[in-house]
Amino acid sequence: MSTPLTTGQLAAHPDLITETFPFRGETITFRLLRRDDEEVLARYFVGLGEATRRRYGPHPFTAEQATKLCAELNYADTLRFLAVSTGSGAPEIVAYFIVYLGPREGEIKRYSERGITLGSDVCTLAPSVADAYQGLGLGSEVMRRVLDVMRRLGFRRMVLSGGTQATNDRAIHFYEKFGFRRVGNFVTPGPLNNHDMILTL
Ligand SMILES: CC(C)(COP(=O)(O)OP(=O)(O)OC[C@H]1O[C@@H](n2cnc3c(N)ncnc32)[C@H](O)[C@@H]1OP(=O)(O)O)[C@@H](O)C(=O)NCCC(=O)NCCS
């Protein structure tokens, strides 16, 4: 059984969860976003392609947003997990998984309409992998580690931030592989059909 963890411990020692692993001939570091990451995070945001941006929209993907997120880091509110490729060149972020430490307004409302109460045992996920690394297994490597941290922090359920688009077959397969189940649909302007999915941790 893994060791329990608190957000206070993480804030004091963010490297508590840092881990490196080999991935397709590269060395990947799994760690939390830090204040000094603004340049590398900006490169990741600006480099995200159109297809990814259509699927993934937690916030703007600009250099200004990267600066803001690094300046306003608050491990008691949101954990931003990175996978960083640390080869011979400059480090590059190859995955960025946001986990909000609690349910968010949109999900609270939609789930309550289905009779599901989201309380403080719930965390909220928004994952992304760099275009060139998608579909290669990197997201799964990161997800295993993220789920371990969230269990150690005592969270019992995980929901998707803004659900997932019903046409996002890869993401849906990815979530189902980790045990998420669909709990309902909702439509956003487009119109786009979306699934809400929840995981018991
Ligand atoms: C969704 C995402 C985070 C998953 O990360 P990833 O590194 O691509 O995922 P992995 O390669 O580890 O796993 C993908 C799984 O889907 C499968 N898959 C790939 N393409 C697929 C497709 N078109 N349809 C169904 N399954 C597919 C893979 O075989 C793999 O499953 P397996 O492990 O059972 O073989 C990533 O693809 C991504 O960032 N996509 C764009 C942004 C996005 O959609 N974010 C989520 C918004 S809800």
Side-chain angles (χ1 to χ4, degrees), residues 19-33 40-62 65-66 69 78-86 92-100 103-107 110-111 118 122-150 157-199 201:
E19 196 188 323
T20 59
F21 62 91
F23 182 77
R24 294 183 172 244
E26 295 180 40
T27 300
I28 303 288
T29 301
F30 170 77
R31 64 169 173 83
L32 286 168
L33 182 72
V40 69
L41 186 64
R43 279 204 300 280
Y44 179 78
F45 285 172
V46 172
L48 285 177
E50 274 315 305
T52 300
R53 287 165 189 254
R54 274 198 297 275
R55 300 294 197 195
Y56 186 61
H59 53 61
F61 294 121
T62 59
Q65 183 70 20
L69 292 176
T78 306
L79 298 178
R80 296 176 196 274
F81 296 94
L82 304 180
V84 183
S85 172
T86 45
E92 288 300 335
I93 294 175
V94 289
Y96 167 67
F97 280 39
I98 308 171
V99 182
Y100 304 103
R104 311 190 87 211
E105 216 174 287
E107 283 70 44
R110 290 197 307 277
Y111 278 77
L118 300 183
V122 171
C123 58
T124 306
L125 174 73
S128 70
V129 167
D131 293 45
Y133 287 77
Q134 290 173 13
L136 301 178
L138 179 64
S140 299
E141 291 285 348
V142 174
M143 186 70 161
R144 269 193 283 283
R145 290 166 173 84
V146 167
L147 293 178
D148 180 57
V149 173
M150 300 323 295
R157 292 179 291 169
M158 179 180 268
V159 296
L160 302 178
S161 178
T164 185
Q165 293 172 9
T167 54
N168 196 350
D169 294 335
R170 180 164 58 208
I172 292 168
H173 177 93
F174 177 78
Y175 295 131
E176 285 180 339
K177 186 174 95 164
F178 283 97
F180 280 83
R181 60 188 173 85
R182 297 180 208 188
V183 289
N185 284 56
F186 63 100
V187 177
T188 47
L192 279 178
N193 189 23
N194 306 274
H195 299 306
D196 268 319
M197 300 180 78
I198 192 165
L199 171 70
L201 290 169

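Atoms considered below: every heavy atom in the structure, side chains included; atoms not considered: hydrogens, waters and symmetry mates. Just follow the structure's listing: the first ligand is 1, and inside any ligand the first atom is 1.
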Expected rows: ligand 1 N/O, protein N/O, dist below 3.5 Å:
| residue | atom | partner | partner atom | Å |
| --- | --- | --- | --- | --- |
| ligand 1 | 7 (O) | Gly139 | N | 2.7 |
| ligand 1 | 8 (O) | Gly135 | N | 2.7 |
| ligand 1 | 11 (O) | Leu136 | N | 3.2 |
| ligand 1 | 11 (O) | Gly137 | N | 2.8 |
| ligand 1 | 12 (O) | Ser140 | N | 2.9 |
| ligand 1 | 12 (O) | Ser140 | OG | 2.5 |
| ligand 1 | 31 (O) | His173 | NE2 | 3.0 |
| ligand 1 | 33 (O) | Lys177 | NZ | 2.7 |
| ligand 1 | 34 (O) | His173 | NE2 | 2.8 |
| ligand 1 | 37 (O) | Arg170 | NE | 3.1 |
| ligand 1 | 39 (O) | Val129 | N | 2.8 |
| ligand 1 | 44 (O) | Asn168 | ND2 | 2.8 |
| ligand 1 | 45 (N) | Pro127 | O | 3.1 |

*Sequence neighbours left out, what pairs pass salt bridge (charged side-chain N to carboxylate O under 4.0 Å, His left out) with at least one residue falling in residues 41-58?*
Arg43-Glu92
_Side-chain heavy atoms of Phe30 within contact of Leu82, under 4.5 Å_ = no
Under 3.5 Å, which donor-acceptor pairs link side chains of residues 122-130 to any protein atom two or more places apart or in another chain?
| residue | atom | partner | partner atom | Å |
| --- | --- | --- | --- | --- |
| Thr124 | OG1 | Gly102 | O | 2.7 |
| Ser128 | OG | Tyr44 | OH | 2.7 |
| Ser128 | OG | Tyr96 | O | 3.0 |

_Test of ring centre spacing under 6.0 Å for His173 and Tyr175_ = no
*Would you mind telling me which of Val146, Leu147, Val149 makes a side chain to side chain contact (heavy atoms under 4.5 Å, CB included) with Val99?*
Val146
*asked:* So, using salt bridge (Lys or Arg N to Asp or Glu O under 4.0 Å) as the criterion, who are the partners of Glu107 when residues are at least two apart?
replied: Arg110
